[in-house]
Structures are given as C-alpha cells and as structure tokens.
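Throughout, residue positions are numbered sequentially from 1 according to the sequence presented.
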Amino acid sequence: MAKTLIFGHKNPDTDTICSAIAYADLKNQLGLSAEPVRLGDVNGETQYALDYFKVEAPRFVETVANEAQDVILVDHNERQQSASDIDQVRVIEVIDHHRIANFETSHPLYYRAEPVGCTATILNKIYKEKGITVRKEIAGLMLSAIISDSLLFKSPTCTDEDIAAARELAEIAGVDADSYGLEMLKAGADLSDKTIAQLISLDAKEFQMGGAKVEIAQVNAVDTHDVLSRQAELEDAIQAIIADKNLDLFVFVVTDILNNDSIALALGKESKAVEKAYNVSLSENKALLKGVVSRKSQIVPVLTEAFNQ
C-alpha cells in the first residue's frame with residue numbers, strides 16, 4: 001500500500017506537529033498507511049510536550065512529491081504555507097480551523113474545517129466518530145495542541161468545544177490541564193537561547209491580503225522586553241526578509257502570555273496598515289495591541305479588512 005504523508009504548515013507550532021501525529025495514528029488504526037512529517041524545526045513548547053509524553057518528533061522533509069502521491073493537510077490550507085511542491089501531489093484530505101484562501105485541488109477531497117480554536121479539537125471528534133479510543137500519549141499531545149492554540153483557554157479563538165475536549169483529553173492523559181499547560185507555555189516562552197533568525201521564523205506565516213504580500217510572525221514571552229531589547233537586530237533581519245521575499249509588510253508580534261496583550265513591530269512599505277487596522281500610531285515601528293493574542297482571529301482578518309478598504 002502506498003504511503004500517505006500527513007503534515008501541517010511550515011514553521012510548525014504545537015498544533016501542527018501534534019495533530020499530524022494524532023491523525024496519522026488514527027489513520028493507521030483505520031488501515032491507511034500514513035506517516036506524520038514536518039516542514040520545519042520543532043519549537044521549545046512542542047518539544048516539551050513530546051518529551052513529556054515520550055513521543056518522537058516526526059521526521060523533517062523538504063519536499064513531499066518525491067515520497068508520496070497522496071497527502072493530508074492538517075492545521076493549514078493556504079498554498080504558500082505548505083510544502084513547496086504541494087502542486088505535485090494529490091491532497092486527499094484537509095483538517096483545519098483557519099480561513100480558506102489560495103487553495104484549490106484537481107480532485108474531490110474530504111475537507112473538514114470548523115470554527116474552533118484548534119485542529120486537535122476536530123480530531124478528537126473524528127476519533128469518536130470512528131469508534132477509536134485515544135491512547136494516553138496521543139491524548140496528551142492533542143491536549144497540548146489545544147492549550148497552545150488557546151493560550152491555556154484565554155484566547156478569543158477558544159470555544160466551549162475546545163475546553164470540553166481539553167478536559168476530556170487531560171483525563172485520558174492523566175494530567176491536570178492547567179498546571180501542565182502553564183509549564184508547557186513557559187517552556188515555549190523561554191526565548192533566551194534563540195537567535196534573531198529563529199525569533200522571526202519560529203512561527204511565521206505568509207498571507208495574501210488584497211494585493212499585498214504579508215508575513216506575520218509571532219512569539220510568546222513572559223516579558224516582552226526580553227525580545228524587544230534586540231529591536232535593532234530584529235529590524236535588520238526583517239528588512240532582509242522583506243527584500244528577499246518582496247514583501248509589502250512584515251509584522252512581528254510579541255505576545256505577553258501573562259497579561260494577554262501583544263506588541264507589534266511593523267516594517268515594510270505598507271506598515272501604515274497596522275495603524276489603520278488597530279487605530280494606533282507606530283512609535284519606533286512598534287505599537288501596543290491591547291487584548292490581542294490570536295493571529296488567526298485578531299490579526300489576519302483585521303489586517304485583511306484594512307487592506308481591502
């Protein structure tokens with residue numbers, strides 16, 4: 001039987017990695033030969049979850065067409081966020097919780113997108129629908145994904161479904177969601193050993209907004225000053241990326257996981273779009289975004305609307 005690869009977006013986060021592992025586990029139990037893979041490095045938060053539940057990270061691949069004809073996408077659908085040769089394989093399924101954009105296929109497929117806070121929440125439903133019991137370590141990874149995407153249930157993207165799934169998965173995994181989740185988030189917020197290049201690429205996604213090409217990178221921090229004290233170096237690196245990718249805007253978002261606010265560092269010829277979107281003024285290319293923690297619901301749609309006006 002030909003192998004099917006399952007993967008999430010480039011610069012993978014915890015939901016991307018853990019959902020790929022979980023869905024591959026389910027698919028294999030249902031008789032499909034599936035392997036989870038990743039399109040980028042594992043971040044500190046995700047590694048904490050993998051180590052805690054004693055699960056190996058998926059192997060890294062640069063391309064997919066050389067290994068499989070069929071693939072399944074989790075936690076993304078936009079072409080520019082996926083494998084570079086995604087147009088050379090057949091996408092047979094998508095399980096996602098983001099907007100649908102810049103996506104088309106040559107064949108019919110199973111597509112499931114729900115307005116919940118995390119892909120793993122959807123996967124928890126699919127396990128139940130298929131009558132498959134979630135194993136302890138897989139439950140732990142799915143819980144980790146929900147905690148990550150919801151910032152321990154504080155993000156506006158978090159729904160009652162996410163919370164219910166997390167509590168259920170925590171019981172299977174044998175952990176307290178709140179205490180485990182806080183330690184996991186702290187592990188991800190430890191940026192002391194990260195290079196400038198790592199900071200702006202750990203969780204970066206590219207978007208098409210109107211006629212603009214925009215990249216948004218986000219990191220979580222306990223103290224935003226620890227990151228922004230390196231602003232000059234950050235700006236030099238970001239300007240190089242803008243030039244290399246011909247971007248109109250690069251927004252680097254540093255989210256305070258304790259106060260649930262973010263500081264945006266905006267560079268590029270369309271940086272005024274951030275001022276327009278949030279009714280703020282950039283000072284030294286920065287602005288405080290009160291109450292903003294979610295790229296998916298509080299940044300991408302707001303910026304997109306600003307570009308479309």
Do Arg135 side-chain atoms and Asp25 backbone N/O form a donor-acceptor pair below 3.5 Å? no
May I ask you to check whether over 12 heavy atoms, not counting those of Asn279, lie within 6.0 Å of atom CG? no
Can you tell me how far apart CD1 (Ile95) and NZ (Lys125) are? Round to the nearest 0.5 Å. 11.5 Å
Just by distance, do the side chain of Asp190 and the backbone of Ser192 share a donor-acceptor pair under 3.5 Å? yes
Any side-chain to backbone donor/acceptor pair from Asp162 onto Gly117? Under 3.5 Å, distance only. yes
Lys205/Glu78 salt bridge by N-O under 4.0 Å criterion: no
Single-linkage hydrophobic cluster, 4.5 Å side-chain cutoff, Met209 and Leu265 together: no
When you look at Glu183 and Tyr52, which way does the side-chain hydrogen bond (donor to acceptor under 3.5 Å, both in side chains) test go after all the steps? CA-CA 11 Å; Glu183 291 306 310; Tyr52 191 97; over 6 Å; no
Side-chain contact, heavy-atom cut-off 4.5 Å: Ile257 with Val222? yes
Sidechain-backbone polar pair: Ser148 side chain, Ser144 backbone, donor-acceptor under 3.5 Å: no
Exceeds 12 heavy-atom contacts within 6.0 angstrom, atom CG of Asn102: yes
Using 4.0 Å as the upper bound for N to carboxylate O, is an ion pair formed by Asp178 and Arg167? yes
A side-chain contact here means heavy atoms from C-beta on lying under 4.5 Å apart; do Leu39 and Pro12 qualify? no
Do you reckon Leu143 sits in the same ILVMFWY cluster as Leu123, going by side-chain contacts under 4.5 Å, direct or chained? yes
Salt bridge (charged side-chain N to carboxylate O under 4.0 Å, His left out) between Lys213 and Asp248, intermediate numbers included: CA-CA 5 Å; Lys213 192 176 179 183; Asp248 297 294; over 6 Å; no
I'd like to know if Lys54 pairs up with Glu137 as an ion pair, taking the criterion as any Lys NZ or Arg NE/NH1/NH2 lying under 4.0 Å from an Asp or Glu carboxylate oxygen. no
Please examine the side chains of Leu50 and Thr46, heavy atoms only from C-beta on, and report whether any two atoms are closer than 4.5 Å. yes
Under a 4.0 Å N-O cut-off, is there an ion pair linking Lys10 with Glu206? no
Cluster link Val91 to Ile6, ILVMFWY, side chain under 4.5 Å: no
With a 4.0 Å cut-off on N to O distance, would you call Asp149 and Lys296 a salt bridge? no
Do Ile263 and Val227 share a hydrophobic cluster, counting only Ile, Leu, Val, Met, Phe, Trp and Tyr and linking them when any side-chain heavy atoms are less than 4.5 Å apart? yes
Same cluster (ILVMFWY, side-chain, under 4.5 Å), Tyr180 and Phe153: yes
Answer yes or no: is there a side-chain heavy-atom contact under 4.5 Å between Phe53 and Val175? yes
Aromatic rings His76 and His9: how do their planes relate, parallel, tilted or perpendicular, breaks at 30° and 60°? perpendicular
Is it the case that over 12 heavy atoms from other parts of the model lie below 6.0 angstrom from the CD atom of Glu104? no
Are the aromatic ring centres of Phe207 and Phe307 under 6.0 angstrom apart? no
Would a distance-only check, ignoring hydrogens and angles, find a side-chain to backbone donor-acceptor pair under 3.5 Å from Asn260 to Ser155? no
